[in-house]
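Remarks on the structure that follows.
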Amino acid sequence: MLRHRDLLWLLTRKDLRLKYKGTALGFLWSLLNPLLLMLVYSFVFTIIARFPVPRYPVFLLAGILPWNTFAIAISSAATTIIGNGNLIRRVRFPREFLPLASVLSSAVNLTLSLGILLIFALYFHQPLGLPLLELPLLLILQIIFTAGVALILAAVTVYLRDVENLIGVFITVMFFLTPILYPLSALAGHKSAYLVQLNPMAWLITDYQAIWHENRWPDPIQTAAFGVLSVATLVGGWLLFRRLEQRFAEEV
Amino acid sequence: MVRGVSKSYRKYRKRHQSLKEIIAQRSRGDWEDLWALRDISFQVEHGQFVGIIGHNGSGKSTLLKLLTGIMPPSTGEIQVQGRVASLLELGAGFQPEYTGRENIYLYGTLLGMRRKEIDRYYDSIVEFCELGEFMEMPVKNYSSGMYVRLGFAVAVHLDPQVLLIDEVLAVGDANFQKKCFQHLFKLRKRGCTIVLVTHDTASVEKFCEHAIWIDHGRTMAQGKSSQVVQQYLDAVAGGASIEHAAKTEEERAADRDLTIKGLRFLDEDGRQVLMFDTGAKVRIEIDFEARRSLTRLEVGLTVFREDDFRCLDLNLYGTSVDKGPGRWVVDTDRVDLQGGRYVVTLAVFDRMLQRFQAFQDRQYPFTVHDDYSAGGAFYTAHRWSLATPDGLVPLISRRPDLQELHGMLEPAQPVGEASR
């Protein structure tokens with residue numbers, strides 16, 4: 001694996017390049033989608049529904065950018081093994097690099113798109129401060145968690161092609177079970193709050209919101225819990241991948 | 001080292017791929033095991049050059065995949081020591097949109113090279129594949145020959161301790177093949193072990209000291225390459241290696257009155273061959289046995305190129321045979337096929353009964369070798385000249401190297417100047 005480490009970087013670069021190759025706007029496309037969503041949701045929730053959230057666009061972007069990254073990473077990683085059958089059947093290399101490259105390339109996208117968030121935050125006179133220092137930690141934890149999920153999905157999809165479709169449904173449901181459009185506080189007292197609090201992505205997203213929108217340090221216990229869960233997911237996912245990998249060459 | 005290795009594939013009779021079915025039936029489908037390899041054992045010593053030969057579908061390629069580690073064996077164990085490079089199919093791993101340069105890096109790292117190593121070897125790789133001018137061009141515009149060059153050049157620079165090669169060298173032109181084999185020898189001198197899978201018995205005899213013959217997943221023979229190749233050729237002629245196909249054929253038409261016992265190619269000296277040069281005088285012998293005398297037979301011998309292009313039909317109409325064994329002999333003056341791999345289909349049609357007495361679809365492969373390899377199907381003897389006021393001046397055609405790839409045809413030189 002170590003011998004192949006340069007491969008991971010090359011595959012990541014390939015992923016980034018192929019995604020936007022031949023499009024006039026290139027990388028901007030990955031920003032356009034969340035920006036449009038932000039405009040629509042801002043219109044709906046500040047003008048029609050009137051959420052009592054100050055600087056709603058900043059709040060929304062703080063949640064929707066990492067969420068989109070997660071969603072795109074796992075749905076594209078899921079098909080990396082079945083999509084590279086030619087390679088799997090003919091060359092011996094660490095196959096986990098295929099889904100991992102998807103995760104890394106989307107992480108690169110996220111890092112760049114946080115620049116947009118910064119611009120919006122400044123425009124809306126969002127107070128920002130020291131809590132921003134925790135941002136790299138959150139990014140790393142997100143990559144670890146996403147990598148674990150991606151390895152599981154990529155391996156399972158080989159044997160169970162339904163997973164590819166299930167992921168789409170799952171992502172939509174989880175989107176609403178994560179406080180992205182609404183603040184977690186909006187659920188206070190309602191039974192569904194428990195459900196949302198069981199969702200690890202909700203822990204991560206509220207941490208991002210704490211930094212970007214509330215200018216406070218994220219809850220350390222929640223962050224630690226997410227960290228433990230992420231590492232466990234990655235280790236478990238990797239073990240599962242290694243097990244299922246045995247018959248990839250025959251099944252893809 | 002390979003000990004007692006078998007490999008089975010699952011052939012699904014019915015495969016559940018939807019969740020509903022899996023939950024409803026609590027199984028992952030219904031399959032039977034197809035054994036691609038059965039109890040194969042052999043040992044390859046450090047620094048040996050070994051050929052693995054066998055018919056299409058004999059399990060050669062599966063064996064190579066097991067050696068590479070792409071799939072685990074179903075039973076038995078495989079031990080390979082040292083850094084392994086395998087060329088299972090050239091260009092697998094190439095990104096068509098990428099340039100030659102980028103693909104060198106991608107493919108190199110896929111094979112396990114570090115980026116720094118590739119940096120170091122880059123010039124030497126480019127020099128080896130002779131594609132210097134094409135390095136900044138996307139490989140989707142490359143020809144298959146260029147693919148092979150690039151892939152091979154990268155793989156040999158990996159400096160592997162074990163190199164596994166499947167058939168791929170057959171794609172390149174004769175010059176490049178020669179260069180590859182020279183390089184393989186160099187690698188072997190350095191102690192690299194080389195395993196070559198092919199059905200080109202000529203190169204096995206020429207280059208490998210040892211050979212293993214596999215048929216239907218079993219080892220048929222192993223040992224000194226010349227002996228193994230001879231056994232293999234005998235078997236192909238006798239139809240033993242198509243035993244399986246012939247058997248099902250027999251089962252299918254137990255009532256057939258004519259059995260083909262074998263078909264072989266002989267060169268001018270009457271030696272049995274599987275490979276010959278363009279323009280060679282080749283004799284084809286077909287042994288058969290008739291259960292009763294037959295009349296109004298039509299014998300069709302069709303030659304297909306590897307890509308299924310139908311090149312030749314050599315037909316015999318309105319012939320009859322007596323009961324018992326017999327032999328048809330087809331004598332050709334020149335086989336003017338261009339270099340490449342071909343396969344023969346043999347059919348015997350009974351005009352009386354309006355049905356086939358024998359039909360052996362693409363059963364007899366052979367290889368034609370030439371030094372032109374410009375593509376095309378046929379070669380014909382010809383001369384080039386330049387018309388001048390003094391009459392025709394004969395021209396000698398010199399084989400261009402890089403220019404040819406460039407698509408530029410360098411003007412041929414008059415005789416006097418060409419003899420350098």
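Throughout, protein chains are lettered first and strands after them, A, B, ... in sequence-line order, and every chain is numbered starting at 1. Just so it is clear, the structure is predicted and the values come from calculations on it, not from any experiment.
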Greatest number of non-hydrogen atom pairs under 4.5 angstrom with chain B, of A:I88, A:L10, A:N165, A:L7, falls to A:L7
By a 4.5 Å heavy-atom criterion (distance strictly below it), what part of A:L8 contacts chain B: side chain, backbone, both, or neither?
neither
Tightest non-hydrogen contact, residues B:L110 and A:L87, listed as CD1-CD1, 4.0 Å
By ring pair (Phe, Tyr, Trp, His ring centres under 6.0 Å) - contacts of B:H183 (at least two apart)
B:F128
Crowding at CZ, A:R243 (>12 non-hydrogen neighbours, <6.0 Å):
no
So what's closer than 4.5 Å to chain A heavy atoms on B:L111: side chain, backbone, both or neither?
both
Might you point out which heavy atoms bring A:W9 and B:R115 nearest each other, and give the distance in Å?
CD1-NH2, 3.4 Å
Can you see which heavy atom on B:I70 is nearest to which on A:R89, and at what distance?
CD1-O, 3.5 Å
Please check if atom CZ in A:F175 has more than 12 non-hydrogen atoms from other residues, nucleotides or ligands closer than 6.0 Å.
yes
Taking side chain as C-beta onward, heavy atoms only, is B:L106 less than 4.5 Å from A:L11?
yes
Are A:R92 and B:K65 packed together at the side-chain level, in the sense that at least one heavy-atom pair is separated by less than 4.5 angstrom?
no
Can you find a heavy atom in the side chain of B:I118 that is under 4.5 Å from one in the side chain of A:D6?
no
Please look at B:Y105 and chain A and tell me whether the side chain, the backbone, both or neither of the residue comes under 4.5 angstrom of a heavy atom of that chain.
both
